[in-house]
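This report refers to the structure that appears directly beneath it.
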Amino acid sequence: MEKIIDESVQGTTLAIENKNANGRKLYIESYGCAMNFSDSEIVASILSKEGFNTTDTLEDADLVLVNTCSIREKAELTVRKRLEKFNAIKKSRPHMKVGVLGCMAERLKSKFLEEEKIVDMVVGPDAYKDLPNLIQEIDEGRDAVNVILSKEETYGDVAPVRLNTNGVNAFVSITRGCDNMCTFCVVPFTRGRERSRDPQSILEEINDLAERGYKEITLLGQNVDSYLWYGGGLKKDFINASDMQKATAVDFSKLLEMSALAQPKMRIRFSTSNPQDMTLDVIHMMAKYENICNYIHLPVQSGSNRVLKEMNRLHTREEYFELIDNIRKIIPNCSISQDMITGFPTETEEDHQDTLSLMEYVKYDFGYMYAYSERPGTAAARKLEDDVPLAVKKRRLAEVIAVQREHCKLRTTEHLGKTQEILIEGTSKKNENHWMGRNEHNTVAVFPKENYKIGDFVNVKMEECTSATLIGKAVGLSHNN
């Protein structure tokens, strides 16, 4: 739940430049968070070397892969329907093979392969390098499975292809796995324990992206503030590291600085942060470098201390407020967004009011809000009864959304009259004569195209707004071009 699910890209197919020598076709769909879409790029890179070109036409595919998410029930139901569709097509293409990748694969391996027999291959998020061997197995008529979770794998040595990209923004994975055992979340069980990627491989990827014309990167992890490189290994084992390893370790604030210095004209974002792990060092580093965007996605999940404890969130309401106050003091114009769950087991009306009052205190710029949905395998599913009626969950969610909508309007209005740098990402969906881009605060802005192009940093004076979109007029290129 701590990962933003962008509904507009769910089920997107991957299509990259084909190699003439490749004779087989791969069709891959992705569901879930940005981490899953980033993983699909890694898979495409590995299989491109194994003779597969990508296709976005399902009926042409020799291998169909679906990269899955276990965070929300809706994603699982969608994937099951897609698997039924794939199997219907297999009747006319018997050589076509179907595989499931990612978080759902790890959790439902025996169900997919043995009970329902709806796939040929199941591959967990740490086993993508084993794909060539697994594909050989299914080519020879055997089912194939590898869902072993790794203590070392970070895919730092695999250069991901960039799927369906605008050539402007890219994700750069810096960690895999998670050590925070939030009771509502399956990630520690589907992606394993937390380990960080070698900072040099991260910088090499950032530099390569810059050479290829990318203007903005997002450092990506389940919990980026937990990033810690001391030569490899799990974060929990850092306590046993040598004195030299500890002295030369790179934490997230240092990685941010290294990234900012490597490409001073490239915008740097990061996601997701965890309140218990975010340090003042990170906030000071954001304030120090102009190219680190003043925007933090800081999931809180609930405003009630009692519910936070049931969720095993290792922060209190008061500690969260202290962190917010420090952010506002060090970076007065920083925008902040949230994740919120309504109707978590045992949540009372008083707990719900605590959430609403927390929102009034922070007044978030954006929010990602969900009614609680029990996920099999989580501690909450095992130990807590899902006792809040659906109608109550929905009513509370509607109230949370209404408050957030007010705050979105308030925060967007604060940008009016200001001239801000916008990175052009593409054409506006509502007006083909306007560009669309975002300011450093992650607020969308649109403005007349004139003579600018995708990838330009443009200074735009903000003249009007809707609740979530700024409307302005360009006044010239910024100094970052």
Side-chain angles (χ1 to χ4, degrees), residues 2-6 9-16 26-50 52 54 63-72 75-76 78-79 82 98-109 119 121-132 134-135 145-150 152-165 169-178 185-197 201-202 205 209 217-224 270-272:
E2 289 230 342
K3 299 185 300 308
I4 301 165
I5 309 289
D6 183 348
V9 298
Q10 297 305 297
T12 303
T13 56
L14 179 158
I16 62 172
L26 164 70
Y27 176 94
I28 181 168
E29 283 183 1
S30 302
Y31 295 86
C33 66
M35 186 66 81
N36 271 23
F37 285 80
S38 177
D39 279 0
S40 290
E41 296 174 347
I42 289 168
V43 168
S45 181
I46 291 168
L47 292 185
S48 175
K49 295 173 183 173
E50 295 297 317
F52 284 89
T54 53
L63 175 63
V64 176
L65 298 177
V66 54
N67 198 349
T68 61
C69 169
S70 274
I71 296 298
R72 287 161 65 193
E76 287 201 7
T78 303
V79 167
R82 293 302 288 159
V98 176
V100 171
L101 312 175
C103 299
M104 199 172 158
E106 197 283 331
R107 195 169 69 73
L108 297 174
K109 51 188 179 291
V119 297
M121 178 170 68
V122 176
V123 189
D126 287 346
Y128 299 142
K129 284 183 185 171
D130 199 28
L131 275 166
L134 298 172
I135 289 169
V145 58
N146 184 343
V147 292
I148 296 169
L149 292 174
S150 168
E152 290 85 29
E153 187 59 77
T154 63
Y155 298 109
D157 57 340
V158 178
V161 299
R162 301 294 166 182
L163 68 144
N164 302 331
T165 179
N169 325 86
F171 292 115
V172 176
S173 294
I174 65 168
T175 68
R176 294 186 76 82
C178 186
C185 186
V186 294
V187 167
F189 309 107
T190 58
R191 287 186 173 267
R193 299 305 295 265
E194 194 173 288
R195 61 268 186 209
S196 297
R197 185 176 158 192
S201 74
I202 294 169
E205 186 173 337
L209 287 165
I217 55 134
T218 300
L219 302 176
L220 195 64
Q222 317 298 145
N223 179 11
V224 289
F270 55 88
S271 184
T272 297

So, taking the atom named OH in Tyr31 and the one named OG1 in Thr78, what distance separates them when rounded to the nearest 0.5 Å?
6.5 Å

For a 4.5 angstrom cut-off between non-hydrogen side-chain atoms, does Val123 reach Val100?
no

Salt bridge check: are Arg176 and Glu194 linked by an N-O gap of less than 4.0 Å?
no

Could you check whether Ser38 and Ser173, counting side-chain N and O atoms only, form a donor-acceptor pair closer than 3.5 Å?
yes

If you measure from CD on Glu205 to CG on Leu219, what distance do you get to the nearest 0.5 Å?
9.5 Å

Distance check, rounded to the nearest 0.5 Å: Ile174 atom CD1 versus Leu220 atom CG?
8.0 Å

Hey, what do you get for OG1 (Thr175) to CD (Gln222), rounding to the nearest 0.5 Å?
6.5 Å

Ignoring hydrogens, what is the shortest heavy-atom contact between Phe52 and Ile135? Give both atom names and the distance.
CE1-CD1, 4.1 Å

Working for side chain to side chain contact (heavy atoms under 4.5 Å, CB included), residues Val64 and Ile28:
CA-CA 6 Å; Val64 176; Ile28 181 168; over 6 Å; no

Any heavy-atom pair between the side chains of Val224 and Thr272 that's under 4.5 Å?
no

Would you name the heavy atoms of Val172 and Arg197 that are closest together and state the gap between them?
CG1-NH1, 4.0 Å

Side chain to side chain contact (heavy atoms under 4.5 Å, CB included) between Val43 and Leu131, worked out
CA-CA 8 Å; Val43 168; Leu131 275 166; 3.8 Å; yes

Report yes or no: do Ser40 and Ser30 form a side-chain donor-acceptor pair below 3.5 Å?
yes

Would you sort out whether Met121 and Leu63 count as a side chain to side chain contact (heavy atoms under 4.5 Å, CB included), showing the intermediate values?
CA-CA 10 Å; Met121 178 170 68; Leu63 175 63; 4.2 Å; yes

Any side-chain heavy atom of Leu209 sitting closer than 4.5 Å to one from Ile217?
yes

What distance separates Asp39 CG from Leu101 CG, expressed to the nearest 0.5 Å?
8.5 Å

